[in-house]
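The chain is numbered in sequence order, starting from 1.
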Amino acid sequence: MIRPPFVARVAAGLAVTAMEEAKKLPTTAVALPMTAVSQMLQTSMRVQQSITSLAIKGDQAFALINWSSEDEQPEWAVFDEDTDAPADSTSSTGSTSADTPTNAGRFALYSLEPTAPIEEPAPGAESESTAATSDKPAEEPEIVTELDYPNLTLAQLRARIRTLTIDELTAVLDYENATLARAPFQTMLANRITTAKAK
């Protein structure tokens, strides 16, 4: 058998491929717009990546020759290592860390830090009962010691008061009134006492 020339074989292969693709055309015509769009997006992303890599190489080249001697950090940008010096200067002026709250959690509004000093009320605002109890330090009832009540947050107290009896709740409320007198704690304890008495 005589073999046809190379050019004839390529032409015959192209004709057969064209016929096969023509048969597939109805099924590929549906996907053709989507394929074209995805190829365009892919090409544009490749171009963007190439441009970005060139810009990075340019930045590295400028860094080597130190293009600008100015610091690129804006004046308004403050980082942790920058704030160490001002913190030291404020501590030397007399302000303490107790001025800023450290327990900025969810219930920080309703709880005091155990080391925080108790604020003294104004002299004219004291009632007779407060004046009577301020003469002697409040004795801790057994339930207060058992619960470690002075260190409880409002959420922790809420979780524990359901198991207490009315007498224990009253003792804790009296202790709260005599010491810290935190309004949310007093309200929660009073409401729980009312609910327990209603049962």
Side-chain angles (χ1 to χ4, degrees), residues 34 37-38 41 45 48-49 52 56 59 70-199:
M34 188 69 72
V37 169
S38 67
L41 290 174
M45 289 189 68
Q48 287 176 354
Q49 288 174 346
T52 304
I56 290 171
D59 287 342
E70 298 176 1
D71 188 13
E72 291 190 17
Q73 178 180 342
E75 295 176 7
W76 50 265
V78 178
F79 299 99
D80 290 341
E81 54 270 4
D82 296 340
T83 60
D84 290 342
D88 294 339
S89 65
T90 57
S91 62
S92 63
T93 58
S95 65
T96 61
S97 62
D99 296 340
T100 58
T102 57
N103 56 350
R106 182 175 173 194
F107 297 102
L109 177 65
Y110 301 116
S111 60
L112 294 177
E113 204 170 316
T115 59
I118 300 171
E119 294 181 9
E120 296 294 326
E126 288 186 1
S127 64
E128 294 176 5
S129 62
T130 309
T133 57
S134 64
D135 293 341
K136 58 180 181 178
E139 297 177 11
E140 285 190 5
E142 182 180 334
I143 189 66
V144 170
T145 309
E146 183 181 324
L147 292 175
D148 190 24
Y149 178 77
N151 296 325
L152 290 181
T153 63
L154 190 64
Q156 292 169 334
L157 177 64
R158 181 182 297 121
R160 295 182 184 170
I161 61 173
R162 296 207 178 266
T163 61
L164 302 178
T165 64
I166 295 174
D167 294 334
E168 292 171 337
L169 288 168
T170 307
V172 172
L173 180 60
D174 292 341
Y175 177 77
E176 177 67 34
N177 291 337
T179 55
L180 299 174
R182 299 170 287 187
F185 285 77
Q186 292 170 327
T187 304
M188 182 183 293
L189 289 167
N191 289 345
R192 180 61 189 159
I193 291 170
T194 305
T195 304
K197 286 181 180 177
K199 288 184 180 180

Got a sec, which residues hit side chain to side chain donor-acceptor pair (under 3.5 Å) with T52, two or more places apart in sequence or on another chain?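 T52 satisfies side chain to side chain donor-acceptor pair (under 3.5 Å) with no residue once adjacent residues are dropped.
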
Atom pair [atom1]/[atom2] of [X] and [Y] - distance to nearest 0.5 Å:
{"X": "L169", "Y": "M188", "atom1": "CG", "atom2": "CE", "answer": "11.5 Å"}
{"X": "I161", "Y": "I193", "atom1": "CD1", "atom2": "CD1", "answer": "9.0 Å"}
{"X": "R182", "Y": "N177", "atom1": "CZ", "atom2": "CG", "answer": "11.0 Å"}
{"X": "L157", "Y": "N151", "atom1": "CG", "atom2": "CG", "answer": "12.5 Å"}
{"X": "T195", "Y": "R162", "atom1": "OG1", "atom2": "CZ", "answer": "8.0 Å"}
{"X": "Y175", "Y": "I143", "atom1": "OH", "atom2": "CD1", "answer": "13.0 Å"}

How close do V144 and P150 get, heavy atom to heavy atom, and via which atoms?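 Shortest heavy-atom separation between V144 and P150 comes out as CG1-CD, 4.0 Å.
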
Go through the steps for E176 and Y149 under the test side chain to side chain donor-acceptor pair (under 3.5 Å), then give the verdict. CA-CA 9 Å; E176 177 67 34; Y149 178 77; 2.5 Å; yes

T165: side-chain contact (heavy atoms from CB on, under 4.5 Å) partners, not counting sequence neighbours: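 Partners of T165 by the side-chain contact (heavy atoms from CB on, under 4.5 Å) criterion, ordered by chain and then number, come out as D167, E168.
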
